[in-house]
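All values derive from a computational prediction rather than experimental measurement. Below, each value reflects all heavy atoms present in this structure, side chains not excepted, and no hydrogens, waters or symmetry copies.
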Amino acid sequence: MHRFLSAQRVRHRILVLNQADRFRFNRASLINVGFLESGNDTDYIAMHDVDLLPLNEQLDYGFPEAGPFHVASPELHPLYHYKTYVGGILLLTKQHYEMCNGMSNRFWGWGREDDEFYRRIKGAGLQLFRPSGITTGYKTFQHLHDPAWRKRDQKRIAAQKQEQFKVDRDGGLNNVRYRIESRTALSVGGAPCTVLNILLDCDPSQTPWCTFS
């Protein structure tokens with residue numbers, strides 16, 4: 001990614017958001033934390049899955065001034081092809097992310113948080129944009145996830161089954177609770193990045209499915 005963005009002359013900082021607590025995986029809360037920790041010198045963010053890498057140099061990672069820009073569009077993503085999909089790689093200005101109040105913190109375990117975020121984008125009156133003129137189709141990205149070695153926590157327990165299709169109208173950036181356990185600057189293959197070990201917090205009275213116990 002460092003080489004890819006440097007070739008496009010996109011000034012960037014890479015934050016690796018690592019959940020280091022005892023709770024189930026919460027991608028949305030981690031992205032909220034990344035937004036809050038990104039600093040005042042950044043004007044937009046890339047919500048970027050760690051297992052998805054661009055192969056086509058024509059993919060634009062530039063400033064998404066007009067509205068959220070979904071780099072990993074359904075026409076290009078190797079796995080997810082439904083029209084309301086906004087996961088994988090999504091660029092937003094910091095202003096637009098704040099207009100959505102970030103992402104919901106209620107999604108513990110894998111999936112559904114980006115579907116809820118699609119509703120937030122529409123609810124904020126924002127137009128979603130996607131790449132055009134890309135001819136590489138489903139070979140546009142390298143998908144590195146191996147489900148045999150890294151199984152995803154896709155279990156739905158208790159009231160979570162009913163909650164997963166609801167819109168969270170109250171929570172997001174305004175109520176994410178976390179602590180930074182450590183902040184480490186690294187160089188990986190010559191690429192500078194910062195690893196944040198993040199301790200999320202969970203209110204079991206609100207989302208008892210944040211743990212299996």
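Under the 3.5 Å distance criterion, the side-chain polar atoms of Trp209 are matched with a main-chain donor or acceptor of Arg106. At distances below 3.5 Å, at least one donor-acceptor pair connects side-chain atoms of Asp168 with backbone N or O atoms of Gly171. Looking only at distances, a side-chain donor or acceptor of Arg120 sits under 3.5 Å from a matching main-chain atom of Gly102. With Gln58 contributing its side chain and Ile134 its backbone, the two residues share no donor-acceptor pair below 3.5 Å.
Defined by atom type and a distance below 3.5 Å, a donor-acceptor pair is present between the side-chain atoms of His2 and His12. One side chain, Ser29 or Asn105, offers a donor N or O that lies under 3.5 Å from an acceptor on the other. Looking at Asn32 and Tyr97, their side chains do bring a donor and an acceptor atom within 3.5 Å of each other.
Taking the six-membered ring for Trp and the full ring otherwise, the centers of Phe25 and Trp108 sit at least 6.0 Å from each other. Checked against the 6.0 Å centroid threshold, Tyr138 and His81 count as a close aromatic pair.
In this structure, Asp203 has no salt bridge (charged side-chain N to carboxylate O under 4.0 Å, His left out) partners at least two apart in sequence or on a different chain. Residues meeting the side chain to side chain contact (heavy atoms under 4.5 Å, CB included) test with Asn197, sequence neighbours left out: Asn18, Ala20, Glu181, Ser182, Val195.
Shown here is Arg169, whose CZ atom has no more than 12 heavy atoms of other residues, nucleotides or ligands within 6.0 Å. By the neighbour-count criterion of 12 heavy atoms within 6.0 Å, atom CZ of Arg177 is densely surrounded, having more than that number from other residues, nucleotides or ligands.
Residue Arg183 comes nearest to Leu196 through the heavy atom pair CG-CD2, 3.4 Å, listed as atom of the first residue, atom of the second, then distance. Across all non-hydrogen atoms, the minimal contact from Asn26 to Gln19 is N-OE1, 2.9 Å. For Cys193 against Val188, the heavy-atom pair with the smallest separation is SG-CG2, 4.1 Å.
Note: Leu173 CG to Ser104 OG = 11.5 Å, rounded to the nearest 0.5 Å. Interatomic distance, Met47 CE to Leu30 CG, rounded to the nearest 0.5 Å: 11.5 Å.
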Report all side-chain donor-acceptor pairs from residues 66-73 shorter than 3.5 Å, counting only partners two or more places apart or in another chain.
unit_1 : atom_1 : unit_2 : atom_2 : d
His70  : ND1    : Tyr85  : O      : 3.2
His70  : ND1    : Arg130 : NE     : 3.2
His70  : NE2    : Ala72  : O      : 3.0
His70  : NE2    : Gly87  : O      : 2.7
Ser73  : OG     : Glu75  : OE1    : 3.2

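The cationic atom of Lys94 (NZ for Lys, CZ for Arg) lies less than 6.0 Å from the six-membered ring centre of Phe35 and within 45° of the ring axis.
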